[in-house]
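Presented below is the structure to which this report refers.
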Amino acid sequence: MNVEISTLDDKVIARGKQFFDSISGEAPSVFNKGWWTGKVMDWSMKNEDFKVQMFRFVDVLPYLNTSESLSRHIEEYFAGEDSNIPDVLKWGATKTGFGGGLVAKVLNKTIRTNIEGMARQFIIGQKSKEAVKGIRKLRKDGFAFVLDLLGEATVSHEEAAAYRDGYLEVLDAIEKEYKKWDALDASGDLDWGHAPKINVAVKPSAFYSQSKPVDLEGTVQGMMDAIEPVYKKIMGMGGFMCIDMEALKYKEPTVEMFKRFRKKYPDYPHLGIVFQAYLRSVDDDVSGLLGWAREENLPISIRLVKGAYWDYETVLAKQNDWPVPVWTHKPESDMAFERVSKMILENHDICHYACASHNIRSISSVMEVANELNVPDEKYEFQVLYGMAEPVRKGLRNVAKRVRLYCPYGDLIPGMAYLVRRLLENTANESFLKQTFADEADVSRLLENPEITLKRELENKPPKKDAELPEGQLPKFINYPPADFTVKEERDGFPASMAKIRQDFGKRYPLYIGGQEVVTDDTLDSYNPADPSEIIGSVCQAGTAEVDTAVASAKDAYQQWRDVEPKDRAQYLLKASQYLKDNMYDLCALQVLEVGKQWDQAQADVAEAIDFLEYYAREMIRLGDPRRMGNAPGEYAQYFYQGKGVAAVIAPWNFPLAISVGMVSAAIVAGCPVVYKPAGISSAVGYGLVEMFKAAGLPEGVFNYCPGRGSVMGDHLVDHPDVSVIAFTGSMEVGLRIQERAAKVQPGQQQCKKVIAEMGGKNGIIIDDDADLDEAVLGVLYAAFGFQGQKCSACSRAIVLDSIYDRFIHRLKEAAASIKLGPAEDPTNYMGPVVDKAAQKNVLEYCKIAEEEGSVVIKHEAPAEYRDKGCYTPLLVVDGITKEDRIAQEEVFGPVLSIMRAKDFDEALDIANSTKFALTGAVYSRSPKHLERASREFRVGNLYLNKPSVGALVERHAFGGFKMSGVGSKAGGPDYLLQFMDPRLVCENTMRRGFAPISEDDDWVA
Ligand SMILES: Cc1cc2nc3c(=O)[nH]c(=O)nc-3n(C[C@H](O)[C@H](O)[C@H](O)COP(=O)(O)OP(=O)(O)OC[C@H]3O[C@@H](n4cnc5c(N)ncnc54)[C@H](O)[C@@H]3O)c2cc1C
């Protein structure tokens, strides 16, 4: 039978009105202004700043274990300029009996108690015993339950196992008594005559700490293995398990796991899954699963929600320039909810439906459609969240009977994250509950068909400003999006490209000078660090003669290139960028195999190369227009730039494409032809620049590819009298040597050499006593061990405050122990081999020093089968390190992390600043004052607050340090190109015999 929702609209509205009438005068407890929560909610809805501070404070509260830190945070979060805590927060304090002479201690205690009380409102109990007591009571009131153990981010196997055990424990507690429970509205064992009494919700990502979209198979398996014991226990008790849906990145493995469980236990029907109507893909997702159920002939159960991560998904998409995966107008989510509900109800023969919403319009629509389709009662039910929307649940119970409450239980720490989500949901302007019970919106508007609401919203929206750009103007610079491995094509691109380029292995790479390929007898093999017997290619090596030819060719090209219009030079960069975009997967795959970058790291490298090209092209256009200086009439003075001359670019292997392309393209677009020396171990990737500039049609001689042994031709290139600029990225030792040699004027040299050198770091991350450890642990892990710690921005010192030290170390140790080590080409592996045998030797020496100076927290080795073959070193974390230790001062460039203890934030800053480097740093803290201090006093080039010290993006995080970390201004920043150019000024006297042409911007007499 075909049913159109629009034709049912009158009935839906009538039913909605009845619903409203049946609950008239009632309000959910969260909005009850007679209580603290209601007052705070009311205040939050009226005052956005207070709301932000309040929700952030709720988030940090479980970490404030001393009265000192509690007072400090209350002061920092809430005391405004007049140092007064808002009255709403103090409510309840007077009732303690200390009225009038309120001491801070009492106030603080009251605030804590009130917030914990607010959290308890949404949580059925902290311990399993309380939870069981709570559900027993709910059942007495006629409500079924679905139990959920609080907890989201687990960072290690240990935490995931504890989470699983939490489920087993509560199930044990339920097992002792559930048989005694009377069935709801029925006799026998089943609620309503058909539903298991036990119903449990699970969040898959919390069961498996290593879930990641890039590793679909590993994630599905990991989740399944961890959840299966819980599922078996539930099955043993005849219960129902529902797999919750989390953020989008977990959707595909979650659906896949559901299918596999369903097939593995085909005779056990009580398994459900959740879909989110706010996802644009929801229609396809649900119809896909329904189709699958029919094909497999397996009945299924779906809970439909609108979705709890709307803000997260939109911010994440915007930050990464990914398509926004959720609807952006609220009525679109409502429409999808009604549409997809109907789709599920139409398939009630194969699918049981759980309608999870507090929205009376959405609920009424489902009821009417079910009625119209004659869906039997046992084929659908209604679900709401515990602690929310009490009138709605009561109304539902009166009308539909089959109402299930989603009951979270567990500790307050994860409880606070859940509480923040509920507070956000209740205070959002778009929330049905807020509109109904706080704003008291008109009932007819609340029950309106969302299609009509959407139409009105779109009509009232101000028209978008005309986005068309003037001719020839480039669109604003935006960073190239990072890989989104939730997209299948992105996951499939890597193995396909690796297989393809493997066929090309062993080929010879010539030099490229003056537009010609040059072959030399001397060659150097580049190999796969995971298996050095696999030769990537054989790279011709320049000697001093080839360097001379390359410099001569660049010098020759300079004569014309410096006068090419800046905007025309920029065009070559844009064409080069297009080449990289067109060959993305091949370029990434080559890095995975030549230097051992993990997939996401390789993609980030190629994306950064694209960013440099796009950004510097725009920058040169900006700088390329001559500027008039002064406005004196009768004189015209122009300021403009000219490329300095031949640039020698000496590049590192750790960002083999990005840093090479960055330095080379900056020089070229600024008017300096380039002699480029890639690092020996990444010369195949470096050859990509030849192909890129050929594709861009760059004139001959402007770019010359000149790999060679540093010991043979390095000094010769630096000393060459015809080289004007040297752009270098690499170790401090080599950087300082270059500066020293470049300062000496060689015979025949016509200009002073300019050196731009990015040289390294000893980067620290401070973990404050109130840091969010879920984020801090993962942030440090990523910054220290991503790409094996071989980034100049990598974290090599974690500076941890005393009071949080043990907790942090324990979690970090377990998290590090949980990651897999092995070849980068397998996306299950978090960490791979270091780049070559020399790097391996160097890192192993530093491991020894670290073990002598500190005590080992964890030494995690790759499996022997990999170690025997490739250039592996252990992942090493040591603690007990002081700032005088070598391991705290010298750059290692490998996966070695020192943990340093600080008694307070002052000492942490002192330790952080105690090296000769000043490149990157990070702070994890939820103290606004400490973050402010760190911004001022943590003196590094790039400081990151509450995010890892790595992952700089062109423009947004223009990159570079000072002290011994380098000379020159930031790469990917607004001053970078200026370093490759000399400013010139031409001033013309425009007056002839007392007559001067007047131009508009002259400073003329009034
Ligand atoms: C029993 C139960 C189980 C749940 N399980 C899950 C789960 O597994 N996974 C999960 O993600 N959530 C889950 N939720 C939470 C659920 O997503 C929210 O409670 C729900 O979105 C609120 O919708 P509503 O219909 O009650 O309220 P409404 O006020 O009608 O809708 C609010 C929702 O609309 C959407 N929205 C808000 N602004 C916009 C906008 N500008 N454009 C488009 N859409 C917008 C958001 O999804 C927001 O939550 C569950 C809820 C219940 C009751």
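Remember, it's 1-based here, ligands and their atoms both numbered in the order they're listed. Position 1 is the first residue of the sequence, and the numbers go up from there.
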Is the Lys NZ or Arg CZ of [X] less than 6.0 Å from the centre of [Y]'s six-membered ring, within 45° of the axis?
X	Y	value
R393	F143	yes
K306	F337	yes
R404	F145	no

Note to self: For R164 versus V230, what's the shortest heavy-atom pair and its separation?
What the structure shows: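 Between these two residues, the closest heavy atoms are CG-CG2, 3.7 Å.
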
Note to self: Taking ring-ring contact (aromatic ring centres under 6.0 Å, His included) as the definition, give me every residue that meets it alongside F57, ordered by chain and number, with sequence neighbours left out.
What the structure shows: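 ring-ring contact (aromatic ring centres under 6.0 Å, His included) list for F57, sorted by chain: Y77, F78.
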
Item checked: Atom CZ of R56: over 12 foreign heavy atoms under 6.0 Å ->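 Atom CZ in R56 is not packed in, count stays at 12 or less.
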
Notebook entry, point to check: Who's touching ligand 1 if we go heavy atoms under 4.0 Å?
Noted result: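 Within the 4.0 Å shell of ligand 1, which is judged on heavy atoms, sit D244, M245, V274, Q276, Y278, R303, V305, K306, G307, A308, Y309, W310, W327, T328, H329, K330, S333, D334, A356, S357, H358, N359, Q383, V384, L385, Y406, E425, E430, S431, F432.
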
